[in-house]
Amino acid sequence: MKRRDFIYLGLSTFGTTKILSQLYTKPSLKSQARAKGLIYGSSVQASYLLEDKEFAHKFVSECAILTPENELKWHRVHPNPDRFNFKDADFLVEFTQKNNLLMRGHTLIWHDSTPRWIKEIVDRKKGESVLINHIETVVGRYKGLIHSWDVVNEAIYLTDGNKGGLRHSHWLYLLGKDYIDLAFRVASEADPQALLVYNDHDLVYDIPPHQEKQKKVLKLLEWLKAKGTPIHALGIQAHLISNNAYFNAKKFRQFLADVASLGLKIMITEMDVSDMGLAFFYGTRDQVVADIYSSFLGVALDEPNVIAVITWGLSDRYTWLSEFRPRKDGTYIRPLPLDANLKPKLAWHSIIKAFDNATQR
Ligand code: XIL
């Protein structure tokens with residue numbers, strides 16, 4: 001049957017526009033996620049959207065939510081004590097408004113984006129007022145426009161050897177563990193509608209550092225809940241490797257269930273799959289990467305409290321991994337759903353299938 005007959009049949013038999021729109025709407029990551037009450041999106045940098053119209057167009061057709069890759073980090077919006085700079089963040093927020101996308105806030109407190117001037121503060125009271133002012137100003141500026149804020153990012157770091165596994169950040173030094181609670185409270189006051197998230201990495205595999213970190217994160221979340229801290233979700237970054245031998249579905253499922261039992265939602269916030277160690281041939285490489293998307297999302301989306309899947313980039317054209325996890329042979333890396341020509345790869349199909357197989361939220 002030709003496409004035109006098909007449409008005609010749809011109209012004459014059922015006369016519904018739904019049939020027509022189903023025929024015309026190409027499946028996208030966002031449409032398949034939305035069908036299950038899930039949200040799909042990606043991180044992006046303002047410059048990619050400004051300078052690459054083809055990419056911007058694709059971004060809007062595949063994504064329902066946008067995470068600013070760097071534009072809301074402390075060193076970008078508040079580089080000096082008396083200067084805020086919201087130019088790039090404003091552009092991204094406007095972009096989401098114009099294109100009917102949700103916007104994420106990433107991230108308020110992260111050791112890696114703490115500017116030098118903060119590290120020079122030694123007075124506790126001063127530190128506290130700087131933290132409060134920063135969060136009030138940044139969250140307040142976009143009040144009502146942000147779906148979810150990564151309030152604190154990567155506060156657990158076992159290597160530092162601190163009690164509770166806490167990272168030895170400048171905020172811990174200045175304010176003790178309570179800085180985490182304080183950050184959430186100030187964010188909640190500044191935007192009561194936003195979902196407030198604790199975000200972290202190395203929580204996926206069945207290896208001692210990840211298993212230990214899961215325990216420490218659970219303890220932190222329990223402590224926050226017991227204190228009445230306004231925290232609503234855990235963000236699991238999910239920067240995955242191409243070797244699935246360390247993925248234990250049963251254990252990961254249990255971790256998700258433990259988080260959910262605290263009354264928290266879960267967001268997969270930064271998913272990508274490094275193809276660093278894989279052989280050159282694209283076919284095999286893409287298949288391995290796609291299989292990892294499948295096995296991870298198959299388990300993650302089985303947990304009803306998982307509400308969103310966000311990849312750290314949409315297309316291999318723009319990925320932080322080309323700098324952070326380059327291939328030894330120097331060829332393009334392929335960790336994301338679309339290739340560098342913006343064409344869907346096997347990974348894209350894996351994610352679509354995982355959404356299709358997910359239970360309705
Ligand atoms: C990364 C960005 O992708 C890079 O462009 C930047 O140079 C460093 O930060 N975990 C996070 C993200 O929470 O903010 C990081 O983003 C990647 C790891």
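Hydrogens, waters and symmetry mates play no part in the numbers below; they use all other heavy atoms, side chains included. Each ligand, and each atom within it, is numbered from 1 in the order the structure gives.
In this structure, the ring of His239 has its center less than 6.0 angstrom from the ring center of Trp320. Checked against the 6.0 Å centroid criterion, the rings of Trp117 and His78 qualify as a close aromatic pair.
Regarding atom 3 (O) of ligand 1, its nearest protein heavy-atom neighbour is Glu69 OE2, 2.5 Å. Of the protein's heavy atoms, Asn70 OD1, 3.4 Å lies nearest to atom 6 (C) of ligand 1. Remark: minimum distance from atom 13 (O) of ligand 1 to any protein heavy atom is reached at Glu270 OE2, 2.7 Å. Among all non-hydrogen protein atoms, the one lying nearest atom 1 (C) of ligand 1 is Lys73 NZ, 3.6 Å.
Between the Thr319 side chain and the Ser315 main chain, no donor and acceptor come within less than 3.5 Å of each other. A donor-acceptor pair under 3.5 Å is absent between the side-chain atoms of Thr331 and the main chain of Arg327, judged by distance alone. Under a 3.5 Å cut-off, the side chain of Arg285 and the backbone N or O of Phe280 do form a donor-acceptor pair.
When non-hydrogen atoms are compared, ligand 1 lies under 4.0 Å from neither the backbone nor the side chain of Glu323. Residue-level proximity to ligand 1 for His239 is carried by the side chain, the only part with a heavy atom below 4.0 angstrom. Residue-level proximity to ligand 1 for Asp112 is absent, since no heavy atom of it falls below 4.0 angstrom. Heavy atoms of Thr107 found under 4.0 angstrom from ligand 1: none, in either backbone or side chain.
For ligand 1, none of its N or O atoms has an N or O atom of Trp320 under 3.5 Å away. In terms of polar-atom proximity, defined here as any N/O pair under 3.5 Å, Trp110 makes no such contact with ligand 1. The shortest N or O to N or O distance between Asn153 and ligand 1 is below 3.5 Å.
Considering Tyr318, Phe324, Trp312 only, the shortest heavy-atom separation from atom 12 (C) of ligand 1 involves Trp312.
Salt bridge annotation for Asp123-Lys125: absent, with no cationic side-chain nitrogen under 4.0 angstrom from a carboxylate oxygen. With respect to Lys213 and Glu154, no salt bridge is recorded, no charged nitrogen being found less than 4.0 Å from a carboxylate O.
Ring geometry for His106 versus Trp110: interplanar angle of 30 to 60°, hence tilted.
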